[in-house]
2 protein chains.
Amino acid sequence: MGASLKDVAQRAGVSVKTVSNVVNNYPHVTPAMRERVQQAIDELGYRPNLIARHLRKGRTGIIALAVPELGNPYFAELAGAVIDAAARHDYTVLLDHTGGRRENEILVSQGFRAHVIDGLILSPIELEAEDLLGRSEDAPLVLLGEREYEAPYDQIAIDNVAAARSAVRHLTGLGHRRIAFLGARRESARRPAHLRLRGWREELTAAGLPCDDSLVAATDGYGRVDGAAAMNAVLDRGERPDAVFAYNDLVALGAMRVLTERRLRVPQDVSVVGFDDIEEGRFSPVALTTVSPDKQAIARLAVQRVVARLAGTPGLEPEHIQPGYTLTVRESTARRT
Amino acid sequence: MGASLKDVAQRAGVSVKTVSNVVNNYPHVTPAMRERVQQAIDELGYRPNLIARHLRKGRTGIIALAVPELGNPYFAELAGAVIDAAARHDYTVLLDHTGGRRENEILVSQGFRAHVIDGLILSPIELEAEDLLGRSEDAPLVLLGEREYEAPYDQIAIDNVAAARSAVRHLTGLGHRRIAFLGARRESARRPAHLRLRGWREELTAAGLPCDDSLVAATDGYGRVDGAAAMNAVLDRGERPDAVFAYNDLVALGAMRVLTERRLRVPQDVSVVGFDDIEEGRFSPVALTTVSPDKQAIARLAVQRVVARLAGTPGLEPEHIQPGYTLTVRESTARRT
DNA sequence: CTGAAAGCGCTTACAG
DNA sequence: CTGAAAGCGCTTACAG
C-alpha cells in the first residue's frame with residue numbers, strides 16, 4: 001500500500017493537519033513548511049486516498065451515467081461528451097447501461113450504487129413517472145432523452161416534437177406526400193414515447209396531408225435490425241412511401257439498407273431522414289439527412305445541473321431544459337421526381 | 001442522509017456488529033435476531049455505505065476501463081461487454097477515454113483515480129513499454145488491443161498477425177494480387193503498431209506476391225475520415241488496387257465510401273476487408289467482410305484476470321492470452337473478375 | 001452467538 | 001500559521 005497522510009506527517013515532522021493543508025493547497029502555509037512537506041510527499045510517493053477523503057466529505061466525485069445501450073453510437077458519442085464535461089468539473093463518470101429495460105432503469109434510479117455516486121444522469125426508455133415517485137435517493141437525478149415526466153427532476157432534452165416537425169417539413173417541402181414513420185413503439189409497450197411520432201402527425205396535418213397509419217411501423221427496439229424490419233413491414237403491406245422519417249439514425253440506416261436491397265434508390269425513389277446525427281450517417285454511401293441534437297450542450301447542461309445541485313445552489317427549481325438542434329441536410333433527401 | 005449501521009443498531013437494540021453480521025449474511029445469527037434487525041433496516045430504509053465498507057476493506061468494487069475513443073463502435077461494444085462481465089463478478093465499471101494520446105494513457109496507467117479503482121483495463125494506442133516501467137500503482141493492470149508490450153502485465157489480444165494473414169489470404173484466395181493496406185501509422189508516430197501490417201506483408205510474401213509500399217497508406221487516426229483520406233491517397237497516386245485490407249472496420253467503411261464516390265464498385269472492382277466486426281459493417285449497403293474478434297471473450301478474460309489478481313490467486317504469472325477470432329465473409333469481397 | 005473497541009485515511013472545527 | 005482530537009460508516013480481531 002502507498003503512504004498515508006500520517007506517514008508523510010511523520011517524515012516531515014509536522015502534524016497531519018499541516019500535510020492536509022499542503023495537499024489541499026490551503027493558503028496560510030509558510031513556503032518553507034510547504035517545501036518541507038512537499039519533499040516528504042515526493043519521497044514517499046504519497047497520493048491522497050480519494051475514498052477516505054470522500055467518506056469524510058460525503059462525496060465521491062463520481063457521477064453515474066446510465067444509457068440504454070452503448071452499442072448505439074448516439075449514446076456512445078453522448079457518453080464521451082458527458083465524460084469530458086464531467087472532467088471539466090473534476091468529476092469522474094461511472095457508466096451503466098440498462099438495455100432500456102424498466103427494471104434496470106428503476107434499479108438505477110433508486111440508487112443502486114448508493115453512496116458511491118454523487119449524482120445520476122439517466123436516459124430512460126421504459127421507466128414510468130410512477131417509478132420515480134418513491135425515489136428515496138438523495139443523489140441528484142437528471143433525466144435525458146425523449147421521454148417527458150411529470151416529476152420533480154431536471155430534464156434535458158431537445159424539443160422532440162418541433163425537431164420531428166422540422167424533419168417532416170423538410171420532406172413535405174421537397175414535395176413528398178406519402179411519408180412513412182418508422183420506429184413507433186408497439187402497443188404492448190406502456191406509454192409509448194411518441195413525441196417524434198406526434199411531430200410527424202402534427203406536421204402532416206399542418207400541411208393538409210393525411211396521417212396514414214399503414215405508413216407507421218412499430219419496432220421492438222431502435223437498432224438497424226429494427227429499422228430493416230420496419231421498412232420491410234411497410235413495403236410488404238404494399239405501401240410505396242415516397243419518403244421515410246425514422247425514429248433515429250440507426251433505424252434510418254436499417255431502412256436504407258432494405259430499400260437498396262429491394263431496388264429502391266435513395267433519394268431518387270425514396271427520401272430518408274433520421275434523427276441523432278451519429279457519425280455513421282455522415283459516412284453511409286448515401287449520407288443521411290438527419291436531425292442533429294446538440295450533444296455537447298446536452299452533456300454540458302446535464303453535468304452542470306448535477307454539479308449545481310451537489311453544490312447546493314439555492315433556489316434551483318427542477319427544470320425542463322431544451323438544448324438546440326439543427327436539421328442537417330445531406331444526400332438521402334431530394335425533391336420528389 | 002440515510003441511516004447508518006449505528007442507527008439501525010440503536011433501533012434494534014443490538015450492537016453494530018450484529019447488524020453488520022445480518023447485512024453481510026454471516027451465519028450464526030439466530031433467526032429471531034436476524035428478523036429483528038431486518039425490521040429495523042426496513043423501517044429506516046438503511047443501505048450500506050459502500051465507500052465506508054471499501055475504505056475499511058481497501059477495495060471499492062470498481063474497475064476502470066480506459067479505451068481510446070468511445071465514438072468508435074468497436075470500443076463502445078467492447079465497453080458494453082466489459083460492463084456485463086464485471087457485473088457478473090459484482091464489479092462496477094468506471095469508463096475513461098484517452099483519445100489514444102500517450103499522456104492520457106500514462107496518466108491512467110499511473111493510477112489517476114488512485115484508490116477509487118481496484119483494477120484497470122487499458123487499451124493503449126501510443127503508450128510505450130517504458131511508460132509502464134515506473135508504474136508504482138498496485139491496482140492490477142490488464143492490457144488490451146493490438147500493441148504488444150515487454151512488460152509484466154496480462155495482455156489480452158487476438159493474434160493480430162495471424163488474423164490479418166487470414167484476411168489477406170481470403171483476398172489472395174479470391175485471385176486478388178494488388179492488395180492495399182489502409183491504416184498504417186505515420187512514421188512520426190513512435191513505434192507504430194504494425195502487427196496487422198506485418199500480417200499483410202507476411203501473407204503476401206507467402207503467396208509469392210510483392211509488397212508494394214505505394215499500396216500502403218498511413219493514417220492519423222482510425223476513423224471513417226481517416227479511411228476516406230487513405231483511400232483517396234492511394235487512388236491519387238494512380239494506384240488501382242483490386243482489393244483493400246483496412247486496419248479496422250471504420251477505416252474500411254470510409255474507404256468504401258470513397259470507392260463509391262469515385263465510381264469503383266465494391267466488390268466487383270475492388271474487394272474490401274475490415275477488422276473488428278462492428279455492427280455497422282453488417283448493415284452497410286455492401287455488408288463488410290471482416291475479421292471478427294471474440295469481444296465477449298476479450299471482455300470476460302480481462303475482467304477475470306483483474307478479479308483473480310484482486311483475489312490474490314497465488315502463482316498468477318503475467319500472461320499474453322489470445323482469444324479467438326473468425327473471418328466473417330459478407331458482400332464486400334468477391335472473386336477477381 | 002453477540003458486544004465493545006480499534007482503525008481504514010482523510011477533513012474539520014477548535015485551540016493555541 | 002500549526003497541532004491534537006474527533007468522526008465519516010464501516011469491518012475485524014478479540015472477548016465473553
Side-chain angles (χ1 to χ4, degrees), chain A residues 1-38 40-41 44-62 90 111 113-118 138-139 310, chain B residues 1-38 40-41 44-62 90 111 113-118 137-139:
Chain A
M1 282 315 281
S4 74
L5 256 197
K6 208 164 75 180
D7 301 330
V8 176
Q10 222 150 22
R11 179 165 200 117
V14 300
S15 85
V16 165
K17 164 68 171 159
T18 305
V19 180
S20 178
N21 283 346
V22 171
V23 170
N24 292 294
N25 256 314
Y26 284 150
H28 313 310
V29 180
T30 55
M33 182 60 84
R34 183 181 298 282
E35 172 78 16
R36 183 142 63 102
V37 171
Q38 188 57 52
I41 288 178
L44 261 34
Y46 168 75
R47 268 179 300 183
N49 182 331
L50 298 185
I51 290 294
R53 173 179 297 173
H54 292 131
L55 169 60
R56 191 54 243 253
K57 297 185 117 173
R59 293 281 165 74
T60 60
I62 300 176
D90 289 322
R113 320 276 188 232
H115 300 287
V116 347
I117 63 166
D118 291 345
D138 39 27
L310 251 15
Chain B
M1 282 317 283
S4 73
L5 256 196
K6 208 162 76 179
D7 301 330
V8 176
Q10 223 149 20
R11 179 165 202 116
V14 299
S15 85
V16 165
K17 164 69 171 160
T18 303
V19 181
S20 178
N21 284 345
V22 171
V23 170
N24 291 292
N25 255 312
Y26 284 151
H28 313 310
V29 179
T30 56
M33 182 61 81
R34 181 179 302 279
E35 173 77 16
R36 183 141 65 102
V37 171
Q38 188 57 52
I41 289 178
L44 261 34
Y46 168 74
R47 266 176 303 178
N49 182 333
L50 298 185
I51 290 294
R53 174 180 296 174
H54 291 130
L55 169 59
R56 189 56 242 253
K57 297 186 118 176
R59 293 282 164 73
T60 60
I62 300 177
D90 289 322
R113 321 276 188 232
H115 301 287
V116 352
I117 63 165
D118 291 344
E137 185 56 25
D138 40 27

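Chain naming here is simple, since letters A, B, ... match the order of the sequence lines and numbering starts at 1 in each.
Rounding to the nearest 0.5 Å gives a distance of 12.5 Å between CG of A:Leu55 and CZ of B:Arg56. Interatomic distance, A:Asp118 CG to A:Leu310 CG, rounded to the nearest 0.5 Å: 5.0 Å. The distance from the OG atom of A:Ser20 to the CZ atom of A:Arg53 is 7.5 Å, given to the nearest 0.5 Å.
Between the CG atom of B:Leu55 and the P atom of C:dC8 there is a distance of 9 Å, rounded to whole Å. Rounded to an integer number of Å, the gap from A:Lys6 NZ to C:dT11 C1' is 15 Å. Atom CG of A:Asp7 is separated from atom C1' of C:dG9 by 10 Å (rounded to the nearest Å). Atom C1' of nucleotide D:dC10 and atom CG of A:Asn49 are separated by 14 Å, given to the nearest angstrom. Here C:dG9 presents its P atom at 10 Å from CG of A:Leu5, a figure rounded to the nearest Å.
In this structure, D:dC14 and C:dG3 make a Watson-Crick or G-U wobble pair, each of the two defining distances being under 3.5 angstrom.
Comparing B:Met33 and A:Ser4 along DNA chain C, the residue whose closest nucleotide (by nearest heavy atom) sits nearer the 5' end is B:Met33.
Here the options are B:Thr18, B:Asn21, B:Asn25, the test is side chain to side chain contact (heavy atoms under 4.5 Å, CB included), and the partner is B:Arg34; only B:Asn25 passes.
Scanning both residues, A:Ile41 and A:Val23, for their nearest heavy atoms gives CD1-CG2, 4.0 Å. Across all their heavy atoms, A:Ala12 and A:Arg36 have their closest contact at O-NH1, 2.6 Å.
You'll find that the side chain of A:Val14 is closest to D:dG3, out of D:dG3, C:dG9, D:dC1.
Residue A:Arg53 places at least one side-chain N or O under 4.0 Å from the OP1 or OP2 atom of C:dT11. Contact annotation: A:Thr18 side-chain N/O to D:dG3 OP1/OP2 distance is under 4.0 Å.
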Considering only nitrogen or oxygen atoms on both sides, find all protein atoms under 3.5 Å from nucleotides 12-16 of chain C and state each distance.
residue: C:dT12; atom: OP2; partner: A:Tyr26; partner atom: OH; Å: 3.4

